[in-house]
Chemist: 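Once you've had a glance at the structure underneath, I'll fire off some questions.
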Amino acid sequence: MVLNLTRALRNFNLENRAHGLIGKEKPRPAPSHPKTEDALRATKTHHPDIEDKIRNKDNLLLTRLKEVYVDSSDPSSEVQTKESASAQEELRLPKLTVNRESLMDLDVESIPKGKISVLEALTLLNNYKNSPETWTAKKISEDYHLDSKKNQALLEYFIPFNVKMIPPKDKKQITDS
């Protein structure tokens, strides 16, 4: 019952609506840039048969296209499982000495070997800056599974900032102003 009613409403005055859409004025294309129009005119004068070539099929190209055959296959699932298993073996847990609960949103669950998280980088750079005798480049490389050359460059070129909070001498001066 409902289907018959919807079909009747959908088909109501269908022919007149179709003629109205067909009779509508079509949108005009945007005007071309003057240099583009000049280039088109020059091409048409030098090659008057170019429009025919564009509109007609080239049988030679069609036969060559029919001869093309593409054969592809997906890599086997065994290779993919071996790659994913080796990637899982190379993960390590993060080493953090800071309060993990306060930084839980920033922390990551596992880190690939040879890489460090932002928190670990800041921690090791700060440790190296505070006591370079105990935190040597070799020890940091071994602890965090880093490449020794990259670790040396990290320690040489990246230095954490010193943030010093200077307490006010008199709290009344701050609140009065």
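Every heavy atom of this structure was used, including side-chain atoms; hydrogens, water molecules and symmetry mates were not. Keep in mind it's a predicted model, so treat the numbers as computed, not measured.
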Chemist: Quick one: does Asn126's side chain get under 4.5 Å of Tyr128's, heavy atoms only?
Modeler: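 The answer is no; the side chains never approach within 4.5 Å.
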
Chemist: Please list all pairs meeting side-chain hydrogen bond (donor to acceptor under 3.5 Å, both in side chains) that have one or both residues in residues 43-52, counting only residues at least two apart or in different chains.
Modeler: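 Passing the test, one end in residues 43-52: Lys44-Glu51.
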
Chemist: Does some side-chain heavy atom of Leu21 sit less than 4.5 Å from a side-chain heavy atom of Arg17?
Modeler: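 No, side chains not in contact.
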
Chemist: In Å and rounded to the nearest 0.5 Å, what is the CD1 to OG1 distance from Ile140 to Thr123?
Modeler: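 Answer for the CD1-OG1 pair, Ile140 versus Thr123, is 11.0 Å.
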
Chemist: For the atom pair NZ (Lys113) and CG (Leu146), what is the distance rounded to the nearest 0.5 Å?
Modeler: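 So the gap between those two atoms works out to 12.0 Å.
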
Chemist: For a quick test of reading the model, state the closest non-hydrogen atom pair linking Ser141 to Ser148 and the distance between them.
Modeler: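 The pair with the smallest heavy-atom distance is OG-CA, 3.7 Å.
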
Chemist: With rounding to the nearest 0.5 angstrom, report the CZ to CG distance, Arg10 to Leu3.
Modeler: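 The CZ atom of Arg10 sits 9.0 Å away from the CG atom of Leu3.
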
Chemist: Can you tell me how far the NZ atom of Lys138 sits from the CG atom of Asn151, to the nearest 0.5 Å?
Modeler: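 The NZ atom of Lys138 sits 12.5 Å away from the CG atom of Asn151.
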
Chemist: Look up atom CD in Glu120 and atom CG in Leu122, then write down how far apart they are to the nearest 0.5 Å.
Modeler: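 Those atoms lie 10.5 Å apart.
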
Chemist: Looking at Lys139, I'd like to know if its NZ atom is crowded, meaning that more than 12 non-hydrogen atoms belonging to other residues, nucleotides or ligands lie closer than 6.0 Å.
Modeler: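 Atom NZ in Lys139 is crowded, with more than 12 foreign heavy atoms closer than 6.0 Å.
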
Chemist: If you apply the rule side-chain contact (heavy atoms from CB on, under 4.5 Å), what do you find for Leu9 with Thr6, and how did you get there?
Modeler: CA-CA 5 Å; Leu9 289 175; Thr6 56; 5.8 Å; no

Chemist: Less than 4.5 Å apart, side chain to side chain, heavy atoms only: is that true for Trp135 and Leu124?
Modeler: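 No; the side chains remain at least 4.5 Å from each other.
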
Chemist: To the nearest 0.5 Å, tell me how far His145 NE2 sits from Ile116 CD1.
Modeler: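 Result: 12.5 Å between the selected atoms.
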
Chemist: Under a 3.5 Å distance rule, please check whether Thr63 uses its side chain to pair with a backbone N or O of Asn59 as donor and acceptor.
Modeler: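 A pair under 3.5 Å: yes.
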
Chemist: Leu154 versus Leu125: any side-chain heavy-atom pair under 4.5 Å?
Modeler: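 A side-chain contact exists here, since the closest heavy-atom pair is under 4.5 Å.
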
Chemist: Identify the two heavy atoms, one from Lys129 and one from Pro132, that lie closest to each other, and give their separation to 0.1 Å.
Modeler: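 Taking every non-hydrogen atom into account, O-CD, 4.0 Å.
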
Chemist: Which residues satisfy the salt bridge (charged side-chain N to carboxylate O under 4.0 Å, His left out) test with Arg41, sequence neighbours excluded?
Modeler: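 By the salt bridge (charged side-chain N to carboxylate O under 4.0 Å, His left out) rule, Arg41 matches Glu37, Asp38.
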
